[in-house]
J.: 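The structure is given below, and queries will be raised subsequently.
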Amino acid sequence: MASLAARFGRGAMTNSWNDIKNADLVFVMGGNPAENHPCGFKWAIKARQERGAKIISVDVRYHRTAAVADMFVQIRPGSDIAFMGGLINYVIQNKKYDEEYIKHFTNATYIVKDTYNFDPTVGLFSGYDPEKRKYDTKLWDYERDEKGMVKKDMTMEHPRCVFQLLKQFYSRYTPEVVEKITGVPKEKFLEVAKLVAETGVPDKSMTHLYALGWTHHSWGTQVIGSMAILQLLLGNIGVPGGGVNALRGHANIQGMTDLAGEGRFLHGYLKPPTPEQQTLKDYIEANTPKPWDEGSMNYWSNYSKFIVSLLKSYFGDNATPENDFCYSYLPKQDKVISWDEAVDRMFRGKMEGVVSIGVNLLANTPNAKKTAVALSNLKWMVVMDPFETEMAAFWQHVENPESIKTEVFLLPSAVFAEKEGTKTNSARTLKWQYKAVEPPGEAKEELWFIGNLYMKLKELYQKEGGAFPDPILKARWPFQNPYHPTAEEVLALEINGVALDDIKDDKGNVVVKKGERLPGFIYLKDDGTTSCGMWLYCGVFPQSGNRAKSADLTDPSGLGIYPNYGYSWPANRRILYNRASAGPDGNPRSPKKKLVWWNAKEQKWVGYDVPDIKPDLPPEYGPFIMLPEGRGRLYSQFLVDGPFPEHYEPYESPVENVLHPKTPHNPVVKVYRSDLDLLGTPDKFPYAATTYRVTEHFHYWTKHIYGTSVLFQKMFVEIPEELAKELGIKEGEKVRIVTARGSAEAYALPTKRIKPLTVNGKKVYTVGIPIHWGFEGIVRGSLANLTTPFVWDPNSQTPEFKGFLCRIEKVKT
Ligand SMILES: Nc1nc2c(c(=O)[nH]1)N[C@H]1C(S)=C(S)[C@@H](COP(=O)(O)OP(=O)(O)OC[C@H]3O[C@@H](n4cnc5c(=O)[nH]c(N)nc54)[C@H](O)[C@@H]3O)O[C@H]1N2
Ligand SMILES: Nc1nc2c(c(=O)[nH]1)N[C@H]1C(S)=C(S)[C@@H](COP(=O)(O)OP(=O)(O)OC[C@H]3O[C@@H](n4cnc5c(=O)[nH]c(N)nc54)[C@H](O)[C@@H]3O)O[C@H]1N2
Ligand SMILES: [Mo]
């Protein structure tokens, strides 16, 4: 998500599931949607059936997506940026980019300061501090005038304009270099490049679908950014059938990120305060950007309205202008406690307790041995889950369990069919889910546990006091039964929000009456007269009713917009940045891809979708309204590891980095001290390894259920046939996958689906490890994460699950 926010301004699927049917080319790289998103993948098949779209799958192995693709390309794990760099270079060298689009809608014309540079022989950008292993990203800023506006060259010929820097940067990624790094023969690469480049015209669009095959790398944010660059060059963002589409994982993972499920954000992607920001004014100033371009709508200029409405939602009547709306109650963080940081702190004995709701940390985190030690250093742990998971039962499976002092509380949670509420899908659409059955036995929905926990804490603070009782005692808790809030109450009263006074327009007319639910975030105020727990969801539950419950199947435009099916954030918009489907003059760029346009007579934006721009703002304004530039970023100064994506090898790699052997992997990769000794080299661990899912299981919990367990009972490992032969391993034999962290036992599955590749003259084998088994449930096997490295992407804090080293040993029986 970090990567799309850095390039486009918002971190979410740009288009929608249904919109995939409008594509001329479906490019799948970094995911296996036929197996992991089978319901959504039908739209790709529809695109082919209805409009003759082609489907390309680029993956490290052949699977069910590859089986239905028009073209399958096998690459080496962890070589994706080289492939993408090759595509960018091809599009630029062959002038297949959409010139009008990049001139007006991207930062191609912006001039970068001469303190930015990149040394291709060493593989480092300017500003690298080898001691701290950090870049000084300030050196990568644009040139600006006295008012802070960026200097531009509309001819795009200035040697330091973004377009020229981009062209020069990727000129190294020739088809020959792509072949050397990825193992994809040059001819095959060029076949793909040709198809991709054909979509660089307004009449055509390519959609890109990805998931973990791209995020699970030490440069995951950058590889997604490379696709953002390619799609901007081709003019494929903001148009039907285009976009960079993150096919998200769990049914409600989008909702989780939207609603502060990650330490990096408060609700609605607002920033957590830092220790320097002592007052609300400091905080708002630090987070409210000024525009960098005359044509920038700069939507984040509304920041103060979102945070004040959020504080009103947190603290109700207790939040007043006089007390800074209780801003002082918010914790100030000097460091974000991300997943990696949390586990490492537990490992070092720096964390007292953990509350886990629907997470199996022992199964899902790299280097399970480290996680087991981390959990055994806790004093207490609460696991809210329908099953006894590996995490809850970890202590039964370590040496000397009697020495472990961690007290574990297992709270039996209801599952999806046993409760109601919304889910937000990858396409940002909130949909209501109804309850089918009562939870069995003592199982309860989370809102019951949380309501009771809150009321008990409040009682204890009231009785006994404590270091800082105010945030608990003064929280707003507007529910009929405070011990058991309902999901609909939370959505209506907290998340959507209400008018606390009459809301008036510029002319003084009342547009929302006091006490009514808000119809949308444009009504939010920073004076304390509105309360809203998540600005992006404001409008889902207006006075007229719960729009997440709407299931109207009409689609007037035929584009798959379905405006009254659920509610899509922001403002029920289905395709983000859709203003870019019209040209700089506001007219549709192509009759075939017509979406929204400027009605000159009425002086406003109109169209099939909700226009992604203020309706009366003239066409001079750029489509990327969440960025201070108003333009999409081919060059982004906000990522910690460089403004352009560069090929680095995974931390553990079977080959040297042919571009710059001195800087083989991401120079700012996140690795903790205690893990440095646990990293393997190809002399001991010669094979490239990767991990993935099988469609028959959902992670670690379907093994508790008979019906799904029988489909895949045993942990297996996919080994190229040639390698199996070399090692004398037969199908069904038990083998050990050994890495520098530890080993996992599995049954060998020699396969034709993964071929050996020739990488820079060297034969490289890829071994594939599925992730589902563990020591709990009906079917059991090794945890795949006993093998994976504790190595993290420094932008998104995501582990490198998809590119490491292993060897294979036979298990003597
Ligand atoms: N049935 C089922 N569906 C699921 C899930 C499940 O457990 N079961 N999990 C859900 C969740 S939470 C998520 S996040 C999504 C994940 O969805 P996907 O990302 O599709 O999941 P994976 O199978 O982990 O990995 C996708 C593909 O990446 C490939 N791959 C591995 N390494 C590389 C590499 O270096 N480069 C490239 N290009 N490809 C590589 C793998 O071969 C695999 O085919 O699925 C969701 N859907
Ligand atoms: N090596 C490797 N590791 C990986 C991955 C990989 O590709 N390779 N993928 C990673 C990814 S993308 C993900 S998302 C994680 C998945 O890791 P997890 O999310 O931890 O795995 P799950 O088993 O899907 O879900 C965790 C628990 O949620 C419980 N649960 C289900 N429904 C409910 C509910 O309604 N309420 C509550 N309270 N609990 C519920 C389940 O019983 C389960 O025990 O794994 C990560 N780990
Ligand atoms: Mo996931």
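Computed from a predicted structure; not experimentally measured. Read the numbers this way: they start at 1 and go in the same order the structure lists the ligands and their atoms.
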J.: Pairing donors with acceptors under 3.5 angstrom, does anything connect the side chains of His704 and Glu388?
T.: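 Result is no, nothing qualifies.
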
J.: Looking at Glu656 and Lys762, is there a salt bridge between them, counting it only when a charged N and a carboxylate O are closer than 4.0 Å?
T.: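 Here Lys762 does not pair with Glu656 in a salt bridge, since their nearest N and O are not under 4.0 Å apart.
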
J.: Can a donor-acceptor pair be found between the side chains of His772 and Arg693 at a distance below 3.5 Å?
T.: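 On atom types as modelled, these side chains do not qualify, holding no pair under 3.5 Å.
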
J.: Just distances here: any N/O of Asn32 and N/O of ligand 1 closer than 3.5 Å?
T.: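 Yes, Asn32 has an N/O under 3.5 Å of an N/O on ligand 1.
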
J.: Could you see which bit of Val58 sits under 4.0 Å from ligand 1, with heavy atoms only: side chain, backbone, both or neither?
T.: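 Answer for Val58: backbone.
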
J.: Does Asn360 reach ligand 2 with a nitrogen or oxygen that is under 3.5 Å from one of the ligand's nitrogen or oxygen atoms?
T.: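 Right, the criterion is met.
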
J.: Tell me the nearest of Asp59, Ile769, Asn36, Ile253 to atom 42 (O) of ligand 1, using heavy-atom distances.
T.: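 Closest candidate by heavy-atom distance is Asp59.
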
J.: Looking just at side-chain N and O atoms, do Asp340 and Ser338 make a donor-acceptor pair shorter than 3.5 Å?
T.: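 Asp340 vs Ser338: donor-acceptor pair found between side chains.
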
J.: Just heavy atoms, cut-off under 4.0 Å: does Ala363 contact ligand 2 by side chain, backbone, both, or neither?
T.: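 Answer for Ala363: neither.
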
J.: With no hydrogens and no angle check, do the side chains of Thr690 and Arg61 hold a donor and an acceptor under 3.5 Å apart?
T.: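 Distance-only check fails for Thr690 and Arg61.
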
J.: Identify, for atom 27 (C) of ligand 2, the protein heavy atom at the shortest distance, and state residue, atom and that distance.
T.: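 Here the closest protein heavy atom is Asp385 OD2, 3.1 Å.
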
J.: Mind checking whether His217 contacts ligand 1 via backbone (N, CA, C, O), side chain (CB onward), both or neither, at a 4.0 Å heavy-atom cut-off?
T.: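 It is the side chain that gets close, since no backbone atom is under 4.0 Å.
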
J.: For Glu696, is there an ion pair with Arg64 - N to carboxylate O distance below 4.0 angstrom?
T.: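 Answer for the salt bridge query: yes.
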
J.: Using the ring of each side chain (for Trp, its six-membered ring), is Phe698 parallel, tilted or perpendicular to Trp701, with breaks at 30° and 60°?
T.: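 Plane angle over 60°, so perpendicular.
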
J.: Going by distance only, is there an N or O of Leu212 that falls short of 3.5 Å from an N or O of ligand 1?
T.: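 Between Leu212 and ligand 1 (N or O atoms, distance only) the closest approach is under 3.5 Å.
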
J.: Out of Val28, Thr702, Val60, Val694, who gets a non-hydrogen atom closest to atom 40 (C) of ligand 1?
T.: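 The residue whose heavy atom sits nearest atom 40 (C) of ligand 1 is Val60.
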
J.: Going by distance only, is there an N or O of Thr389 that falls short of 3.5 Å from an N or O of ligand 2?
T.: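 No.
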
J.: Evaluating non-hydrogen atoms only, which member of His697, His699, Arg61 is closest to atom 8 (N) of ligand 1?
T.: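 Ranked by closest heavy atom to atom 8 (N) of ligand 1, first place is His697.
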
J.: Are any of the N/O atoms on Trp339, whether in the backbone or the side chain, positioned under 3.5 angstrom from an N/O atom of ligand 2?
T.: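 No: no nitrogen or oxygen of Trp339 is under 3.5 Å from one in ligand 2.
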
J.: Judging by distance only, is a nitrogen or oxygen of Thr788 under 3.5 angstrom from one on ligand 2?
T.: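 Checking ligand 2 against Thr788, no N or O pair falls under 3.5 Å apart.
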
J.: Atom 26 (C) of ligand 1: which of Gly31, Gly220, Gly40 has the nearest heavy atom?
T.: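 It is Gly31 whose heavy atom sits nearest to atom 26 (C) of ligand 1.
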
J.: Would Glu35 and His37 count as having a side-chain donor-acceptor pair, cut-off 3.5 Å?
T.: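 Side chains of Glu35 and His37: no pair found under 3.5 Å.
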
J.: Indicate yes or no: does an N/O atom of Lys802 lie under 3.5 Å from an N/O atom of ligand 1?
T.: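 In this structure, Lys802 places an N or O atom under 3.5 Å from an N or O of ligand 1.
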
J.: Is there a polar contact, in the sense of an N or O pair closer than 3.5 Å, between Phe801 and ligand 2?
T.: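 Such a contact does not occur with ligand 2.
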
J.: Consider every N or O of Glu696 and every N or O of ligand 1, then say whether any pair is closer than 3.5 Å.
T.: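 So ligand 1 has no N or O lying under 3.5 Å from an N or O of Glu696.
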
J.: Using a strict threshold of under 4.0 Å (side-chain N to carboxylate O), is an ion pair present between Lys752 and Glu721?
T.: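 Salt bridge present between Glu721 and Lys752.
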
J.: Give a yes/no verdict on whether any heavy atom in Gly78 is under 4.0 Å from an atom of ligand 1.
T.: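 Checking ligand 1 against Gly78, which is what was asked, there is a heavy-atom contact under 4.0 Å.
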
J.: Is it the case that the side chains of Glu776 and Thr389 hold a donor-acceptor pair, with the cut-off being a distance below 3.5 Å and no angle test?
T.: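 The answer is no; no qualifying pair exists.
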
J.: At under 4.0 Å between heavy atoms, is it the side chain or the backbone of His37 that contacts ligand 1, or both, or neither?
T.: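 The side chain, only.
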
J.: With under 30° as parallel and over 60° as perpendicular, where do the rings of Phe712 and Trp773 fit, or are they tilted in between?
T.: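 Ring orientation, 0 to 90° scale: perpendicular.
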
J.: Quick one: which of Pro386, Ala211, Gly213 has a heavy atom closest to atom 33 (C) of ligand 2?
T.: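 It is Pro386 that holds the nearest heavy atom.
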
J.: I'd like to know whether Asp344 forms a side chain to side chain contact (heavy atoms under 4.5 Å, CB included) with Lys370, so could you lay out the CA-CA distance, the side-chain angles of the two residues, the decisive distance to 0.1 Å, and finally the verdict.
T.: CA-CA 8 Å; Asp344 196 69; Lys370 175 170 178 167; 2.6 Å; yes

J.: If we only count N/O pairs under 3.5 Å, is Asn364 in contact with ligand 2?
T.: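 Among all N and O atoms of Asn364, at least one is under 3.5 Å from an N or O of ligand 2.
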
J.: Of the listed options (Phe416, Phe804, Trp701), which comes nearest to atom 41 (C) of ligand 2 when hydrogens are ignored and any heavy atom counts?
T.: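 Of the listed residues, Trp701 has the closest heavy atom.
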
J.: So is there a nitrogen or oxygen of Thr695 less than 3.5 Å from a nitrogen or oxygen in ligand 1?
T.: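 For ligand 1, there is an N or O atom that lies under 3.5 Å from one belonging to Thr695.
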
